[in-house]
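All of these numbers come straight from a predicted model, not from anything done at the bench. Atoms within each ligand, like the ligands themselves, are counted from 1 in listed order.
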Amino acid sequence: MEIIERPFVIAGPCSVESREQLESVCTSLCSLPQVQMIRGGVWKPRTRPGGFEGLGEPALQWMQEISNGPLRMADGNHVRFCCEVARPEHIELCLRHGINTVWIGARTTGNPFMVDELAEALRGNNMQVMVKNPMSPDVRLWIGAFERLQQANINCIAAIHRGFNMYNNYDYRNTPLWELAIELRRTFPTLPILCDPSHISGKSSMAKDLMLRALQLAYDGFMVEVHPNPSQAWTDADQQLTPSQLSDILKSLPNNINDDSSHTTALEALRSRIDAIDYDMLQLLARRMEVSREIAAVKRNEGISVYQAKRWESVMNNRIKIATDMGLDPKFVKELLDKIHIESVRVQFE
Ligand code: PEP
Ligand code: MN
């Protein structure tokens, strides 16, 4: 997808609720120089039936009328809209109303049958397609959705990181798990990625910090929910910003975060220390595995089982204590040692 400017900002209401609401939010957002596109939910995936499920075609009609009307975005162009599509018919209706940017929502990304159907409906239409991460923390489903689009020759694509639905979502509505978005980037290095701070946090007060974090992680921009009167919103009332809140946040974000770090000598010096430490760690790990192999030989000779639960428990407790005294996070150390132990047991069976 073409990122005209960084950060590429898509903003707008969770749901289109009325012509007045849409016009009001568009008028405010079009005056913000950073806003490149307006979002508006037209079909809303609701967890339980009976709630507001989106206005459907009339909302698209208002978008089309506003696009064809006198309002202009800050760059002087007609208003550009995007919305979520979940069925082939939605794509058909978007095309009929001049909407050529759509996104696949989190609930749909997790369903390969639906992604295939959407990819077929999108084939040859020249639409820009964004894909939100799936609800579950399975990055392969997210990657798979892009592969399905690429198989249908859809290459004008971008990702939206909206967080993952976890059993323990303590601080977030959807836990970000930044490492999964980084994994997606490793798989598709040129794929633009936007952060959706609204659905990650579920709270408008957290949007700014998340946006800053995303910039530090070299994200290409944001999709953020904005409503003229958030407390009265029909959906996602707690997480929508007012246009002026968004304006303040955008003004406050640093514009000098550079993702090319190769020229910084201070960083280079620190990185060479990291390189040396990594080398030492790997050498120690290799030595540790060698000792495991020797232990395996002794255990074999003496008829002792490979897995020794008591010994492992005492090793773990001892190491966690040492690590905690060294200022390391015990949870991190436990996970690391568990991985090392699994590998150590594996090599003892070689
Ligand atoms: C939305 O963007 O309004 C939405 C429903 O998002 P998600 O698919 O991330 O839940
Ligand atoms: Mn929403």
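For the residue pair His199/Asp236, the side-chain donor-acceptor check at 3.5 Å is satisfied.
The protein heavy atom nearest to atom 8 (O) of ligand 1 is Ala106 N, 2.9 Å. Of the protein's non-hydrogen atoms, Lys132 NZ, 2.9 Å is the one closest to atom 6 (O) of ligand 1. Ranking protein heavy atoms by distance to atom 5 (C) of ligand 1, first place goes to Glu84 OE1, 3.7 Å.
Under a 4.0 Å criterion applied to the non-hydrogen atoms of Lys44, ligand 1 contributes the atoms 1 (C), 3 (O), 5 (C). Close approach of ligand 1 to Glu225 (heavy-atom distance below 4.0 Å) involves ligand atoms 1 (C), 3 (O). Annotation for ligand 1: atoms under 4.0 Å from non-hydrogen atoms of Gly105 are 8 (O). Residue-ligand proximity, Cys14 to ligand 1, at heavy-atom distances under 4.0 Å covers atoms 3 (O).
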TODO: Tell me, with the steps shown, if Arg287 and Glu290 meet salt bridge (Lys or Arg N to Asp or Glu O under 4.0 Å).
DONE: CA-CA 5 Å; Arg287 269 170 54 198; Glu290 258 328 296; over 6 Å; no

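Between the Mn ion (ligand 2) and the N, O or S atoms of Asp236, the shortest distance is to OD2. The nearest N/O/S atom of Glu225 to the Mn ion (ligand 2) is OE2.
Arg123 and Glu120 are joined by a salt bridge, as a carboxylate oxygen and a charged side-chain nitrogen come within less than 4.0 angstrom of each other. Taking the charged nitrogens against the carboxylate oxygens, Lys331 and Glu335 do have a contact shorter than 4.0 Å, which makes a salt bridge.
Look at Gly41 and you'll find every heavy atom at least 4.0 Å from all atoms of ligand 1. Ligand 1 lies within reach of Arg107, whose nearest heavy atom is under 4.0 Å from it.
When each of Gln239, Glu225, Lys203, Met211 is tested with Pro197 by the rule side chain to side chain contact (heavy atoms under 4.5 Å, CB included), just one qualifies, namely Met211.
Glu20 contributes atom CD, which lies 7.5 Å from atom CH2 of Trp62 (distance to the nearest 0.5 angstrom).
Relative ring orientation between Trp142 and Phe164 is described as perpendicular, the plane-to-plane angle rising above 60° on a 0-90° scale split at 30° and 60°.
Within the 3.5 Å criterion, the main-chain N or O of Leu93 finds no donor-acceptor partner in the side chain of Glu57.
The Mn ion (ligand 2) is the vertex of the angle joining NE2 of His199 and SG of Cys14, which measures 170° to the nearest 10°.
Between atom 9 (O) of ligand 1 and the options Arg39, His199, Arg162, Met223, the minimum heavy-atom separation is to Arg162.
Both Trp178 and Val139 belong to a common hydrophobic cluster when Ile, Leu, Val, Met, Phe, Trp and Tyr are linked at side-chain heavy-atom distances under 4.5 angstrom.
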